[in-house]
Amino acid sequence: MRSYLEVGVYRGTTFQQVMLPVRVAVDPQPRFDLTSLPPGARVFVGTSDEYFAAERETPYDVCFLDGLHHFDQTYRDLVHALTLCPRGAILVDDVVPSDETSALRDMAESQRRRSEQSDPCRDWHGDVFRLVPCLYDLHPELQFVTIADRDNPQLLLWKPDPDVPTVAHEGSKLNRYEQLEYRDVFADGIPAEFRPSDEQGGINRAIAAIGDRFRSIPAKPRRSP
Ligand SMILES: C[S@@+](CC[C@H](N)C(=O)[O-])C[C@H]1O[C@@H](n2cnc3c(N)ncnc32)[C@H](O)[C@@H]1O
């Protein structure tokens with residue numbers, strides 16, 4: 001495993017901890033010093049749509065999608081990321097909001113409600129949660145788990161067969177997921193269709209499915225003349 005893409009990098013906290021030879025971050029407004037990046041690290045200053053329109057070649061082994069926390073944007077980011085990372089693993093942040101206010105699509109509205117209610121919580125996850133039922137229904141070519149034993153659950157997904165293309169759905173197919181409400185999806189906690197898992201169990205499943213793709217093949221011993 002050697003290459004990593006992070007969509008939405010903010011202060012670079014996660015990005016700086018990933019020790020892979022090739023690291024690329026994408027953010028229209030990164031909030032850290034870009035002038036002294038270590039070798040192999042690069043930051044594309046722009047939106048994820050701009051990045052994926054410009055970049056069609058670089059293959060990635062791991063992607064972390066943590067940009068604009070809207071369902072439609074994250075769905076687009078995922079479909080694009082899968083074209084560059086068909087053999088690897090993709091993590092999607094913020095798939096389980098902490099409450100109804102956190103799940104509002106509009107961040108400003110979420111913050112307005114919190115200050116109106118003197119709510120000290122600042123969480124905003126947006127409507128990324130709508131992605132999971134959508135993938136469950138419309139993308140059988142993907143396998144995923146929701147790593148749910150931590151504060152901020154994340155979706156871990158991969159392709160059992162990297163040669164099966166992921167084609168983006170549009171229009172009315174996606175509209176029904178835009179109608180899903182937090183209270184309906186999470187009325188009884190994290191639903192089974194999210195495939196909740198603890199972290200180690202989720203990682204083990206991914207390694208069992210795709211780990212062989214990243215094991216280096218030992219060089220054949222040379223025959224003596
Ligand atoms: C939650 S922060 C990312 C945190 C970071 N991944 C980490 O682990 O520290 C979200 C970031 O997404 C960026 N962002 C917002 N819209 C974006 C877009 N359309 N494309 C890429 N990044 C975007 C914001 O500027 C912000 O820095």
Side-chain angles (χ1 to χ4, degrees), residues 1 3-20 22-38 40-56 58 60-85 88-99 101-112 114 120-132 134 144 146-157 168 170 174 178 182 199 202-203:
M1 216 170 247
S3 52
Y4 171 74
L5 173 70
E6 184 168 327
V7 170
V9 72
Y10 194 49
R11 295 181 193 275
T13 313
T14 306
F15 189 64
Q16 283 161 22
Q17 290 175 51
V18 174
M19 294 299 154
L20 289 178
V22 176
R23 282 180 285 168
V24 176
V26 175
D27 200 307
Q29 250 192 303
R31 275 75 145 202
F32 64 106
D33 181 10
L34 305 184
T35 56
S36 54
L37 293 172
R42 184 162 71 85
V43 177
F44 176 92
V45 180
T47 66
S48 51
D49 285 343
E50 289 164 347
Y51 174 74
F52 287 119
E55 179 58 88
R56 301 197 180 266
T58 308
Y60 291 105
D61 298 328
V62 186
C63 299
F64 179 34
L65 305 183
D66 192 18
L68 183 59
H69 293 166
H70 288 169
F71 160 57
D72 49 334
Q73 181 67 63
T74 309
Y75 181 69
R76 229 171 22 251
D77 289 347
L78 175 62
V79 172
H80 286 143
L82 281 164
T83 64
L84 300 179
C85 182
I90 298 187
L91 270 172
V92 184
D93 208 21
D94 297 306
V95 292
V96 180
S98 45
D99 59 21
T101 309
S102 168
L104 292 176
R105 183 179 164 84
D106 183 342
M107 182 172 77
E109 172 62 10
S110 167
Q111 289 171 343
R112 191 189 63 72
R114 291 212 191 276
C121 175
R122 312 301 320 152
D123 289 357
W124 177 65
H125 292 87
D127 66 345
V128 184
F129 70 93
R130 292 172 171 148
L131 180 71
V132 184
C134 165
F144 63 81
T146 299
I147 295 176
D149 61 346
R150 49 166 72 180
D151 277 356
N152 196 16
Q154 294 176 329
L155 194 73
L156 171 62
L157 68 86
E170 292 175 1
L174 292 186
E178 283 160 8
Y182 172 84
E199 182 172 19
I203 291 172

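Both counts, for ligands and for their atoms, begin at 1 and track the order of listing.
Interface atoms of ligand 1 facing E6, defined by a heavy-atom separation under 4.0 Å, are 5 (C), 6 (N), 7 (C), 8 (O). Numbered from 1 in the order shown, with element, the atoms of ligand 1 that lie under 4.0 Å from a heavy atom of Y10 read 2 (S), 3 (C), 4 (C), 27 (O). Under a 4.0 Å criterion applied to the non-hydrogen atoms of R31, ligand 1 contributes the atoms 24 (C), 25 (O), 26 (C), 27 (O).
At the shortest separation from atom 16 (N) of ligand 1 among protein heavy atoms lies L68 CB, 3.6 Å. Summary of contacts: the protein heavy atom closest to atom 10 (C) of ligand 1 is D66 O, 3.2 Å.
In this structure, of D27, T13, V45, V7, the residue bringing a heavy atom nearest to atom 26 (C) of ligand 1 is D27. Comparing G12, P30, A25, P28 by heavy-atom distance to atom 22 (N) of ligand 1, the nearest is P28.
Shown here for Q73 and S48, the closest heavy-atom pair between the two residues is NE2-OG, 3.2 Å.
The structure places CG of L84 at 7.0 Å from SG of C63, a figure rounded to the nearest 0.5 Å. The distance from the CG atom of D127 to the NE2 atom of H70 is 6.0 Å, given to the nearest 0.5 Å. Separating the CD atom in Q111 from the CG atom in L104 is a distance of 11.0 Å, to the nearest 0.5 Å.
Contacts between F64 and ligand 1, counted as non-hydrogen atom pairs separated by less than 4.0 Å, involve the side chain only. Counting heavy atoms closer than 4.0 Å to ligand 1, residue V9 contributes backbone atoms (N, CA, C, O) but none from C-beta onward.
Residue pairs meeting the salt bridge (Lys or Arg N to Asp or Glu O under 4.0 Å) criterion with at least one partner in residues 40-55, sequence neighbours excluded, are R42-E55, D49-R76.
Residues meeting the ring-ring contact (aromatic ring centres under 6.0 Å, His included) test with F15, sequence neighbours left out: none.
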